[in-house]
Amino acid sequence: MIPYGRQDITQADIDAVVGVLRSDFLTQGPMVPRFEQLVAEHVGARHAIAVNSATSALHIACLALGLGPGDWLWTTPITFVASANCGLYCGAQVDFVDIDPHTYNMCPLALERKLIEAEKTGKLPKVVVPVHLCGQPCDMAAIHALSQRYGFKIIEDASHAIGGKYKDEFIGNGRYSDITVFSFHPVKIITTAEGGMALTNDAELANKMALLRSHGITRDPAQMTNDSDGPWYYQQIDLGFNYRMTELQAALGVSQMARLDQYVARRHALAARYDTLLADLPVITPWQHPDSYSGLHLYVIRLQLGQIGKTHREVFESLREQGIGVNLHYIPVHTQPYYQQMGFKSNDFPEAEGYYAEAISLPIYPLMTNATQDEISNGLRSLLV
Ligand SMILES: *Cc1c(COP(=O)(O)O)cnc(C)c1O
């Protein structure tokens, strides 16, 4: 089966990990700070906190921003469940904002309409989590302007988007948000097996997230409530977790970072080829906003079902039967049973549900050959014409 996404592991990556295995530190050594510094410098952020997953990064980002019981977190329904679950971890309530029909990202107009209503009922969100779906940045200037007007904080879920740009600047530089989160799961743009990172320009938020990553414990006398008892002394000053990234993961991340720009460029070349190969088929290929240079984690097409004598599911299943590992990103979060229990209903977010009824993620990853891509395109053509 051709996978929809997969990692690229080179000999240099393997050597970097083996180097750590032979070294003094498997965790809490020099490699995690090196990885953090490398990513922070690359994207232009002041602080970076590496953790064991993007899910953990979203959790500590929410906590650092003070999200708790009685608060609301808003995100998009077209995302992985983690973008919403992080609010529930903190005891907050979650709501959704419908998507833009062209970018499939959170729609700033729908956000504004919902904010106007929420202001009347006193239910304004404390945190909004825009997700850069497929790697394409959201309309961050508009969302940021609304945050100034309505007083919410912004966490960019950039799990798909490391290496991408918004208005010619790297995603993650924090110009339009408080915190940005990256994922390093193997299907994402670069990998550390499991892993994630939270970036911010705010020293206080960075400090808070660093504490929460490791049990809420500090060894810094300046942060302690009293003088140190001696050289062994540490203090727990908050309730944190063990969300640490290992040295092995960080070494892999450092090694992968050397190829980040190359990976994104190859994804763009593949996307451009798909655009051409699929141009005459009854599908909508991804529209790219002129302000965006997408990370292109995903290449999502929408079937024009009125022009196809098959259902969405039939096309999807036939592709899988041909060995083409298509996928669907994502099932609208509010339709998950866990969220339906909270009172969300089908039709609450019609653009998101319309998207779900037509979307298919075609395989895209840097090592994909043009021949494999031709096979996918021919497979799709055989079903649609
Ligand atoms: C992958 C992903 C996550 C979670 O990432 P992990 O590193 O697997 O925890 C969160 N949000 C989005 C949009 C994702 O694609």
Side-chain angles (χ1 to χ4, degrees), residues 3-7 32 35-36 39 48-63 73-90 94 96-97 99 103-106 127-138 140 143 154-164 171-172 177 179-199 209 212-213 241-246 249-250 252-253 256 267 294-300 327-334 336 338-339 352 355-356 359 361 364-365:
Y4 86 82
R6 68 156 296 163
Q7 69 277 13
V32 164
F35 182 40
E36 290 171 339
V39 175
I49 314 297
V51 286
N52 58 0
S53 71
T55 305
S56 302
L58 287 164
H59 184 194
I60 61 175
C62 287
L63 289 172
L73 175 146
W74 292 2
T75 187
T76 165
I78 299 299
T79 186
F80 186 54
V81 291
S83 318
N85 288 345
C86 56
L88 303 180
Y89 296 158
C90 301
V94 169
F96 301 92
V97 178
I99 61 169
T103 61
Y104 317 140
N105 280 329
M106 177 184 284
V127 172
V128 172
V129 182
V131 178
H132 304 319
L133 191 75
C134 306
Q136 166 151 246
C138 295
M140 290 309 299
I143 296 170
I154 302 174
I155 302 171
E156 292 175 71
D157 183 344
S159 291
H160 300 181
I162 190 170
I171 294 166
S177 66
I179 298 170
T180 302
V181 168
F182 293 137
S183 172
F184 308 123
H185 183 278
V187 297
K188 307 289 166 74
I189 309 260
I190 61 164
T191 190
T192 61
E194 296 283 357
M197 197 177 279
L199 296 102
M209 290 192 287
L212 292 169
R213 161 175 66 180
F241 311 89
N242 181 351
Y243 282 170
R244 292 188 302 262
M245 176 179 276
T246 68
Q249 291 169 299
L252 181 54
Q256 292 255 315
R267 286 175 177 278
S294 175
L296 274 167
H297 163 55
L298 300 173
Y299 188 92
V300 174
N327 216 311
L328 210 175
H329 300 91
Y330 288 95
I331 304 160
V333 178
H334 71 282
Q336 294 288 356
Y338 194 80
Y339 282 84
Y355 164 91
Y356 176 59
S361 303
I364 188 167
Y365 49 91

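When a ligand or atom number is given, it counts from 1 through the structure's own listing order. Keep in mind that what you see is a predicted model, and the values were worked out from it rather than measured. One-based numbering along the sequence shown.
With no hydrogens or angles considered, a side-chain donor-acceptor pair links Thr180 and Glu156 at under 3.5 Å.
Residue contacts with ligand 1 for Ser159 involve side-chain atoms from C-beta outward but no N, CA, C or O (heavy atoms, distance under 4.0 Å). Contacts with ligand 1 closer than 4.0 Å are made by no heavy atom of Phe182, backbone or side chain.
Note: Tyr330 and Phe80 have tilted aromatic rings, judged against thresholds of 30 and 60 degrees for the angle between ring planes.
Near Ser83, meaning under 4.0 Å from one of its heavy atoms, ligand 1 places the atoms 11 (N). When each atom of ligand 1 is checked for a heavy atom of Val131 under 4.0 Å away, the hits are 13 (C). Taking every non-hydrogen atom of Gly195 and a distance limit under 4.0 Å, the qualifying atoms of ligand 1 come out as 7 (O). Those atoms of ligand 1 that come under 4.0 Å of a heavy atom in Ser183, given as number and element, are 1 (C), 5 (O), 6 (P), 7 (O).
Annotation: atom 11 (N) of ligand 1 to nearest protein heavy atom, Asp157 OD2, 2.7 Å. Atom 9 (O) of ligand 1 has Thr55 OG1, 2.5 Å as its closest protein atom, hydrogens excluded (heavy atom only).
Distances between N or O atoms of Leu58 and those of ligand 1 include no value under 3.5 Å. Polar contact with ligand 1: absent for Thr79 (N/O pair, distance under 3.5 Å).
Across every non-hydrogen atom of Ile190 and Gly253, the tightest pair is CD1-O, 4.5 Å. When every heavy atom of Asn105 is checked against every heavy atom of Pro137, the shortest pair comes out as ND2-O, 3.4 Å. Ser177 approaches Met140 most closely through the heavy-atom pair CB-CE, 4.4 Å.
The main-chain N or O of Ala193 is never found under 3.5 Å from a side-chain atom of Gln249 such that the two would form a donor-acceptor pair.
The environment of Leu328 atom CG is dense: over 12 non-hydrogen atoms of other residues, nucleotides or ligands sit within 6.0 angstrom.
The ring of Phe241 has its center no closer than 6.0 angstrom to the ring center of Tyr89.
Looking at His132, His160, Lys188, it is Lys188 that brings a heavy atom closest to atom 2 (C) of ligand 1.
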